[in-house]
A.B. asks: 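Below you will find the structure I want to go over with you.
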Amino acid sequence: MSRCHSYYSASINQESNYPGLHDEQHCDVAIIGGGFTGVATALELAEKGFSVVLLEAQKIGWGATGRNGGQVTGSLSGDQAMLKQLRKQQGIDAEEFVWQLRWRGHDIIKKRVEKYQIDCDLKFGHLQTAYKPSHMNELHRFYDEAVSRGMSDEVHMISAAEIPDYLDSPIYHGGLLNRRNMHLHPLNLCLGEAKAASNLGVRIFENSPVLSMEEGDKVVLKSKLGKVFADRVMIAGNAYHKLGRPKLGGMLFPASLGNMATVPLGDELANTLNPHDLAVYDCRFVLDYYRLTADKRLMFGGGTNYSGKDSASVATELRPALERTFPRLKGVEIEFEWTGMAGIVINRIPQLGKVSDRVYYCQGYSGHGVACSHIMAEIMSNAIAGHMEEFDTFAAFKHLRVPINDWLGNQALVLGMWYYQLLEKLR
């Protein structure tokens, strides 16, 4: 299966070329899904000495992992819902748990890139912008908390008057600069992690969709031409699978995230638009996000489609927002446009749990998957190795299950997003 026509696919360091499954394989752990969650968990388990087989239906990083905005930020999915439930169990310790969780993915990725020498255009610096004057209150609250927790050297409030020093854009009322946050080439990161896992003995099979899963003395995964016999299995397909039903039905819904990339802008124009080479997103519930690529294109994303269907033309939909943000780019040529399916959870808390005693699942990052998937992969690998405390914390979170089919669930999600967007306009 070929990859989508994206900037990431066109700038792969080295394409993956793992075989299809054509025989029987036996292992301690089988992982279904070759995105960040599956690959990072496989690497963690290999480092712990487990024998691992990873099955990917398409190519490594084919789904949302290789199609996202490439931003690694402390904007944790479901943080408020998480705090609300954790306070009942942990009291004041809940605040510290969630705060540390915000940055854990950063540390994992930084260490992994260094350890395995993964070339993924990793850079530091992020600006969260105020689309409205009222958004500055939200940014000031986060800034005050960050400073109180020892990040005074890494965060800085940017006034409206200072915005031109950071962005050649007329639409913002200020922002929060965060130098701990990062941006990178996610597909090259995932491919680098897969290579590291393979070098440690993980058996990776591409173009090998799992057609059925049966439990007996072992869990048996059947593909078209082969089988895997495993002591334990982890489902890591996020929005791209229908396994584990009925247990997982009505818990997660696909949403199409659109991205596009301009032609190379050249150093002079790129440095005028974004002189500090920052990743950027704004404070709205449905936001725009963008950054410069290594070859000085502007990559621009936003306008999430919660219907579960891909947009007809990402460039047509996003161009008005791009040109409003950067009037200097009016009429600029768009060379790449693509979509990817994120897994949306109603309360935004990542979903970790078990389908059965030997089948685990991990999914649902609601648009914050680069950092969050690496955090959850670490928690999942620890659980499979017998260290259950953090897994049990996440497995205990209460999630809303929509007792209707996926199509109706997505329509309900669309109505919910309209409601939140209306609240945003009134804020």
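We number each residue from 1, following the sequence as shown.
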A.B. asks: Counting C-beta onward and ignoring hydrogens, is there a side-chain heavy-atom pair between Leu54 and Phe205 closer than 4.5 Å?
C.D. replies: no

A.B. asks: Is there side-chain contact between Thr65 and Leu187, with at least one heavy-atom pair below 4.5 Å?
C.D. replies: no

A.B. asks: With sequence neighbours left out, write down each residue that passes side-chain hydrogen bond (donor to acceptor under 3.5 Å, both in side chains) with Ser313, or none if nothing qualifies.
C.D. replies: Thr316

A.B. asks: What residues, two or more places apart in sequence or in another chain, satisfy side-chain hydrogen bond (donor to acceptor under 3.5 Å, both in side chains) together with Tyr18?
C.D. replies: none

A.B. asks: My understanding is that only residues two or more places apart in sequence, or in another chain, count here; which of them pass side-chain hydrogen bond (donor to acceptor under 3.5 Å, both in side chains) with Arg297?
C.D. replies: Asp295, Glu335

A.B. asks: Do the rings of Trp62 and Tyr240 sit parallel, tilted or perpendicular, given the 30° and 60° boundaries?
C.D. replies: perpendicular

A.B. asks: Taking only residues two or more places apart in sequence or in another chain, which ones pass side chain to side chain contact (heavy atoms under 4.5 Å, CB included) with Asn271?
C.D. replies: Asp267, Lys296

A.B. asks: Hey, are the side chains of Ile31 and Val52 touching, using non-hydrogen atoms and a 4.5 Å cut-off?
C.D. replies: yes

A.B. asks: Only counting residues at least two apart or in another chain, list the ones meeting side-chain hydrogen bond (donor to acceptor under 3.5 Å, both in side chains) with His374.
C.D. replies: Glu193

A.B. asks: Sort and list the pairs that fulfil ring pair (Phe, Tyr, Trp, His ring centres under 6.0 Å) and have at least one residue in residues 145-173, not counting sequence neighbours.
C.D. replies: Tyr166-His276

A.B. asks: Is it the case that the ring center of Phe336 lies less than 6.0 angstrom away from the ring center of Tyr8?
C.D. replies: no

A.B. asks: Indicate, with yes or no, if the rings of Phe326 and Phe300 have centres closer together than 6.0 Å.
C.D. replies: no

A.B. asks: Any side-chain heavy-atom pair from Thr73 and Asn178 closer than 4.5 angstrom?
C.D. replies: no

A.B. asks: With sequence neighbours excluded, tell me which residues meet side chain to side chain contact (heavy atoms under 4.5 Å, CB included) with Ser373.
C.D. replies: Phe36, Thr37, Tyr365

A.B. asks: Can you pull out every ring pair (Phe, Tyr, Trp, His ring centres under 6.0 Å) where at least one residue sits in residues 68-104? Sequence neighbours excluded, please.
C.D. replies: Trp99-Trp103, Trp99-Phe142, Trp103-His106

A.B. asks: Using the side chain to side chain contact (heavy atoms under 4.5 Å, CB included) criterion, which residues pair with Gln14? Sequence neighbours excluded.
C.D. replies: Lys195

A.B. asks: Could you give the side-chain donor-acceptor pairs of residues 87-94 under 3.5 Å, partners two or more places apart or in another chain?
C.D. replies:
from  : atom 1 : to    : atom 2 : distance (Å)
Arg87 : NE     : Glu95 : OE2    : 3.0
Arg87 : NH2    : Glu95 : OE2    : 2.7

A.B. asks: Tell me, yes or no, whether the heavy-atom count around Arg104 atom CZ, taken from other residues, nucleotides or ligands under 6.0 Å, exceeds 12.
C.D. replies: yes

A.B. asks: Does Ala385 have any side chain to side chain contact (heavy atoms under 4.5 Å, CB included) partners at least two apart in sequence or in another chain, and if so, which?
C.D. replies: Lys48, Phe50, His387

A.B. asks: Check residues 118-128 and write down every donor-acceptor pair under 3.5 Å in which the side-chain atom is one partner and the other belongs to a residue at least two apart or another chain.
C.D. replies:
from   : atom 1 : to     : atom 2 : distance (Å)
Lys123 : NZ     : Asp277 : OD2    : 2.8
His126 : NE2    : Gln71  : OE1    : 3.2

A.B. asks: Would the number of heavy atoms belonging to other residues, nucleotides or ligands and lying under 6.0 Å from NZ of Lys84 be above 12?
C.D. replies: no

A.B. asks: With salt bridge (Lys or Arg N to Asp or Glu O under 4.0 Å) as the test, would you mind laying out the steps for Arg328 and Glu323 before giving the verdict?
C.D. replies: CA-CA 7 Å; Arg328 194 183 293 267; Glu323 295 181 351; over 6 Å; no

A.B. asks: Less than 4.5 Å apart, any side-chain heavy atom of Val314 and any of Trp338?
C.D. replies: no

A.B. asks: Counting only heavy atoms not in Glu15, do more than 12 sit closer than 6.0 Å to its CD atom?
C.D. replies: yes

A.B. asks: Do Ser16 and Glu206 come close enough that some side-chain heavy atom pair is under 4.5 Å?
C.D. replies: yes

